[in-house]
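The structure appears below as structure tokens.
Scope of the values below: all heavy atoms of this structure, side chains included, with no hydrogens, waters or symmetry mates.
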There are 2 protein chains.
Amino acid sequence: MSSAPTPYHHGDLRSALLDAAEQSLRQGGAADISLRGLARELGVSHAAPRRHFADKQELLDAVAELGWSRVDEEMRAADLTVDGQDLQAHLIARGIRYVRFAIDNPALIELMFAYKTSGRRPPPPPNAVGPSSIDLLVVARRRGELAVSSGQLARAVWAQLQGIAALAIGGFIPDVDLDAAVASGIEQLMVNTATTLA
Amino acid sequence: MSSAPTPYHHGDLRSALLDAAEQSLRQGGAADISLRGLARELGVSHAAPRRHFADKQELLDAVAELGWSRVDEEMRAADLTVDGQDLQAHLIARGIRYVRFAIDNPALIELMFAYKTSGRRPPPPPNAVGPSSIDLLVVARRRGELAVSSGQLARAVWAQLQGIAALAIGGFIPDVDLDAAVASGIEQLMVNTATTLA
DNA sequence: CTCGAAAGTAGTCGGTGTCAACATCACAGT
DNA sequence: ACTGTGATGTTGACACCGACTACTTTCGAG
């Protein structure tokens, strides 16, 4: 008796699918996700997902986009933990958070960087180093505190972070050394700053 | 008449499978590879591959291992193009070659770094920066030319390369800027070397 | 209140990985 | 020279998957 056990309409299947996909992505690769499996999980027929995503890739694209917004959240959270003007501390705080996120969600990151865009993926978000860091970099550059352009340094920093994440995910960096690796990596890239000023 | 059109035994199906897989990996993702497809390609029955690889993952693992040896070849080739004692030139030559390889074989690199080792993957080869670079780094460190340990710098360099490759594959670095990005990234990491000596 | 669009269902098709049972071949030991 | 045994390849089957079509139920704007 009681209320409908399985209402004909799910209510918000689309976001339920995204959630479930993101969740199972946290444990397995993108290849392990199956539309039918997700449908089963949500107690819905095997063809229901098709009403919201034309095909599997479209769902994965949506999940990837979700991932980028997760990164944005993480970065904003990192910004709150550090003095607004200390460029290096700023970058390290964001960097540690970024790398940790990547390692906790390896399949998601992989998806977000999927090269096989096949022309479908909408323009991906700007930059993992983020606007707030870019601002600081630009200011520092104007003050003559950087030996290279702010863009160049930003790219090097982002690459450093992405690389550390990749190596860690691949098992080439012990978990214990992670934060230290990030800090040291960024410091090494910034050494010239201090040196120039000294 | 002539000789057997399709001999019952293929001859060397195992390496033929690896070759075909590596080849098709150069155009699509690892998910696009199908054992049945490879078998069809090689004119062999759909269950034949199973005689050589217990399951698909085992074949992918073998391809990944093959990939690491390809990297070794590339790195050895890079070594021949540069003066043996110039550490920075050495690293840049290897770096450019490494990144180019990664970009030309994105799916292969992805496989080589696959986190889902599921406990099966045998211990992966040592280091993309490679023994020859490590030797130079150790010597430089002994001479007091490095501000950080050789291991730390090696890791930072490798991370930088891997990161640049990831960003480029993801479409975040224009192809034209690639070599420059590698050179500049490594130079930035090495700045303290020169500075210390000055 | 109605009716059309949105959301979900059922059934099907070709493709895939994996497994088991069988066929063929190479080659070592007699 | 002969044989039989293990390696290699084949056939057939099963369950699962993504995608498509046709059908049903529900919601909500007019």
>> Nearest to the A/His46 side chain among C/dT9, C/dC19, C/dA10, which nucleotide is it?
In response: C/dA10
> Taking CG from A/Asp32 and C1' from D/dC16, how many angstroms apart are they, rounded to a whole number?
Replying inline: 13 Å
> salt bridge (Lys or Arg N to Asp or Glu O under 4.0 Å) with A/Glu74: which of A/Arg94, A/Arg100, A/Arg97?
Replying inline: A/Arg97
> Are any of B/Ser45's side-chain N or O atoms less than 4.0 Å away from OP1 or OP2 of D/dT11?
Replying inline: no
> In whole angstrom, what separates A/Phe53's CZ from C/dA7's P?
Replying inline: 12 Å
> Just how far, in rounded Å, is P of C/dA7 from CZ of A/Arg14?
Replying inline: 11 Å
> Of all heavy-atom pairs between A/Gln162 and B/Ala166, which one has the smallest distance, and what is that distance?
Replying inline: CG-CB, 3.8 Å
>> Can you measure A/Leu17 atom CG to C/dA7 atom C1' for me and round it to whole angstrom units?
In response: 12 Å
> To the nearest angstrom, how far is B/Leu35 atom CG from D/dC17 atom P?
Replying inline: 17 Å
> Would a 4.5 Å heavy-atom cut-off, applied to side chains only, mark A/Val139 and A/Glu145 as touching?
Replying inline: no
> Side-chain N or O of A/Arg40 less than 4.0 angstrom from OP1 or OP2 on D/dC17?
Replying inline: yes
> B/Lys56 side chain: which of C/dG11, C/dT9, C/dT18 is closest?
Replying inline: C/dT18
>> What contact category does A/Ile33 fall into here, base, sugar-phosphate, or nothing, at under 4.0 angstrom with non-hydrogen atoms?
In response: sugar-phosphate
> Under 4.0 Å between a side-chain N or O of B/Arg50 and OP1 or OP2 of D/dG9?
Replying inline: no
> Looking only at heavy atoms, what is the nearest atom pair of A/His52 and A/Glu58, with distance?
Replying inline: O-OE2, 4.2 Å
>> Rounded at 0.5 Å granularity, tell me how far CG in B/Leu35 sits from NE2 in B/His46.
In response: 10.5 Å
>> Please report the distance, rounded to the nearest Å, between CD in B/Glu58 and C1' in C/dT18.
In response: 13 Å
>> Just N and O in the side chain of A/His52: are any of them under 4.0 Å from OP1 or OP2 of C/dG8?
In response: yes
> Counting side-chain heavy atoms from C-beta on, which of D/dC20, C/dA20, C/dG8 comes nearest to A/Leu13?
Replying inline: C/dG8
> For the side chain of A/Arg51, counting heavy atoms from C-beta on, which of C/dA7, C/dA20, C/dG17 is nearest?
Replying inline: C/dA7
> Of the nucleotides C/dG11, D/dG18, D/dT10, which has the atom closest to the A/Arg36 side chain?
Replying inline: D/dG18
